[in-house]
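Each chain gets a letter, A, B and so on, in the order the sequences are listed, and its residues count up from 1. Remember, predicted model here, so these are calculated numbers, not experimental data.
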There are 2 protein chains.
Amino acid sequence: MATIKDIAKKAGVSITTVSRALNGYSDVNEDTRKKIVETAKLLNYSPNTIARSLVMKKSKTIGLLVSGFIRENAKDNFTIEVMTGVNDYASQTAYDIVLFTTNSSKQREKTYTQLCKERKVDGVIIQGIRTDDPYLEEVIEGEIPCVLVDIPKIGRHAGFVSTDNYAGAWEVGDYLAGLGHTSIGMINGHEFAFVSQERLKGFKDSLSKKQIELPEDRIISGDFTEESGRNAALKLIESNPSVTAIFCASDLMAIGAMTALKSKGFRIPEDISIVGYDNILLSRYVQPGLTTISQDTYGLGYEAAKLLIDMLDHEGEPRKTIVKHELMERDSSAKL
Amino acid sequence: MATIKDIAKKAGVSITTVSRALNGYSDVNEDTRKKIVETAKLLNYSPNTIARSLVMKKSKTIGLLVSGFIRENAKDNFTIEVMTGVNDYASQTAYDIVLFTTNSSKQREKTYTQLCKERKVDGVIIQGIRTDDPYLEEVIEGEIPCVLVDIPKIGRHAGFVSTDNYAGAWEVGDYLAGLGHTSIGMINGHEFAFVSQERLKGFKDSLSKKQIELPEDRIISGDFTEESGRNAALKLIESNPSVTAIFCASDLMAIGAMTALKSKGFRIPEDISIVGYDNILLSRYVQPGLTTISQDTYGLGYEAAKLLIDMLDHEGEPRKTIVKHELMERDSSAKL
DNA sequence: CCAATCATCCGAAACGTTTCGGATTTTTTC
DNA sequence: GAAAAAATCCGAAACGTTTCGGATGATTGG
């Protein structure tokens, strides 16, 4: 509760001097500085960030807007890993993180920018937002520095971090073709995620380069959930009983597909190979272990924070960062 | 960027009136209120929370101090589920959440209370803190309203939420005895978690009520990780080859124990029954499915937020909330 | 020894709100 | 129609910092 004023009085100096002493300015005598620091400690002083923010017009907080923060989504650890990354980088700096959520009732009343403006965050990291979100443009065009996760758009104050989803999917195509598969299906995510588009394109291009067809009716769309993976797999195998490999745009859908196919008597990978995307925690524990594209999710968050804070502290240009990915071969895929 | 002042000027009223109009006070004429609200909208005004906080001495933020927020811990979804619960409740209120972390380099320099005082959070929820944490007492005795997760301690401004770990463990004892097991071992968590003590006590008491012994050398301590579960299981089975059932104080350790035992040629549950605790996501997907005590982790967070905000808004007494638990029978346990 | 330089300090304004206490005008009451 | 009450408004202080623009006294250079 002790303020700078109390220190000033007790130490017999002016408020200005206390402020300057505590902030390491050079125009204060070493002896008085010592005395000031001492009495500050004595009074158990801690600075009032709020008052500071008010005058500095900088809150030293960044907003973490995570829209996938709903209960069901705890399943994949994507969100938490991103958060951990953001948090780890931010905690090395002077910035604190305030959590915004968008699934709540607040969402529809207040736009993201409004939330940010009110809480006076210096910048914001946005994760899990859909491309059809009505406020996406608003935030990209807006004045608040922001970094998008997995949405490749750059604005005057907006950068992004992502992985190379096109390349990742391409590698899956390569891999499956290399195993001798030619009758291949795909279970994609919903169209309102950039990653869906990219993964489809990369996969398709990769296969067509090897003269392997991927007709429309062998591409089923889910919505990234396990449930939708089950349904999509059943639909796919019914209309195209000849497929020997399925690429799923998310691990969760891949896991759903596996259980559905197993329940229909298919053996994995002997009858059908399954490849996922994301390398979520589960994919290592499921039977058989899921072959997938591993993303550096933690790095996604870490780099997002880095990018944003660089923009804030050094007026760095908004730009993009691509983090690495890697094919993890496990037991759900095999030679034809 | 528009302030209350701008509105006042434009609407031709005083600052006071604008403030009172916008905050719904009764001593402002309905017509002037309308005009004020109108011009506020016109100027795209949004209130400056920081200025408000400064004068009100309330920041309307709560700190979420999660010390298990380290990379490895993303494995169990405990942390994120608690967070989701906290977030869900908080987002129905006027409170925002700021994330504190303790594994960072900041930790050793600044105590929790210092962090809270500087950021001027109105209250704090603490999760994953160890009982030997040097600052635990400080925070319980301190002036900042706080709610502890899974640490049953009440202070003048500190309440807690937890599950009944004693009862949960007791039920496991009941259950295993009911299956006919008499030669039973336990893999406990480290001693610096309250839950370890409670779970051990409950399990022991339950068994002894049924004249089943649980000698010291059949209780091995791990540290809640999968790795430690593996090691503990090997140690246990080596010194006590006769055990037919093992109770693990966490699912992660149980999963570790299962893989270790399987690698030694034991069949689960035919040779050895395994029961875990927590019902983490993984336990459902692992082979065989893990019998475990399910906790309402989401509820833990939700109730923690509720408790805290009640303390803040209505000066509610700090108190405790116990959320429910339940035995989930899966395939890792069977009749002897 | 005088002016210039330097080291050290401080007063006051500013940031954007809320709110206390009172002022002014209008309405009610008898 | 005057006093009392009600309705409506406002000035100014306060919250705890930072910082601009000087002020003061000591030191230096010639």
Within the structure, does a side-chain N or O atom of B:Lys58 lie under 4.0 Å from either OP1 or OP2 of C:dT18?
->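 No, B:Lys58 has no side-chain N/O under 4.0 Å of OP1/OP2 on C:dT18.
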Should A:Lys57 be listed as having a side-chain N or O under 4.0 Å from OP1 or OP2 of D:dT18?
-> no
Is there side-chain contact between B:Pro47 and B:Tyr45, with heavy atoms separated by less than 4.5 Å?
->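 A side-chain contact exists here, since the closest heavy-atom pair is under 4.5 Å.
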Do the side chains of B:Leu308 and B:Tyr95 get nearer than 4.5 Å, heavy atoms only?
-> no
Thinking salt bridges, do [X] and [Y] make one under a 4.0 Å N-O criterion?
X: A:Glu38; Y: A:Lys35; value: no
X: A:Asp27; Y: A:Arg20; value: yes
X: A:Glu141; Y: A:Arg156; value: no
X: B:Asp313; Y: B:Lys60; value: yes

Closest nucleotide among C:dC15, D:dT18, C:dT18 to the A:Leu54 side chain |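 Nearest nucleotide to the side chain: C:dC15.
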Provide, to the nearest angstrom, the distance between the [atom1] atom belonging to [X] and the [atom2] atom belonging to [N].
X: A:Lys60; N: C:dC15; atom1: NZ; atom2: C1'; answer: 17 Å
X: B:Met1; N: C:dC15; atom1: CE; atom2: C1'; answer: 13 Å
X: A:Ile7; N: D:dT18; atom1: CD1; atom2: P; answer: 11 Å
X: A:Lys5; N: C:dC10; atom1: NZ; atom2: P; answer: 16 Å
X: B:Ile50; N: C:dG16; atom1: CD1; atom2: P; answer: 11 Å
X: A:Ile4; N: C:dC10; atom1: CD1; atom2: P; answer: 13 Å
X: B:Lys9; N: C:dG16; atom1: NZ; atom2: P; answer: 12 Å
X: B:Met56; N: C:dC15; atom1: CE; atom2: P; answer: 21 Å

For residues A:Gln295 and A:Thr163, is any side-chain donor paired with an opposing acceptor at under 3.5 Å?
->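 Their side chains do contain a donor-acceptor pair, which is all the 3.5 Å distance test asks for.
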Would you check if there is a donor-acceptor pair between the side chains of A:Asp133 and A:Tyr112 at a distance under 3.5 Å?
-> yes
Heavy-atom contacts under 4.0 Å between residues 19-38 of chain A and DNA chain C, which residues?
-> A:Asp27, A:Val28, A:Asn29, A:Thr32
Under a 3.5 Å cutoff on both atom distances, Watson-Crick or G-U, what's the dot-bracket for DNA chain D ([ ] crossing, | other strand)?
-> ||||||||||||||||||||||||||||||
Kindly give the heavy-atom pair with the smallest separation between A:Asn29 and A:Asp31, and that separation in Å.
->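 Smallest heavy-atom distance, with atoms named: OD1-N, 2.7 Å.
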For A:Asp122 and A:Lys58, what are the C-alpha separation, side-chain angles and deciding distance, and is it a salt bridge (charged side-chain N to carboxylate O under 4.0 Å, His left out)?
-> CA-CA 6 Å; A:Asp122 295 335; A:Lys58 292 264 153 76; over 6 Å; no
DNA chain D contacts among residues 10-17 of chain B, heavy-atom distance under 4.0 Å =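 Nucleic-acid contacts, sorted: B:Val13, B:Ser14, B:Thr16, B:Thr17.
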Steps toward salt bridge (charged side-chain N to carboxylate O under 4.0 Å, His left out) verdict (B:Glu137, B:Lys153) = CA-CA 10 Å; B:Glu137 283 307 315; B:Lys153 290 205 165 184; 3.1 Å; yes
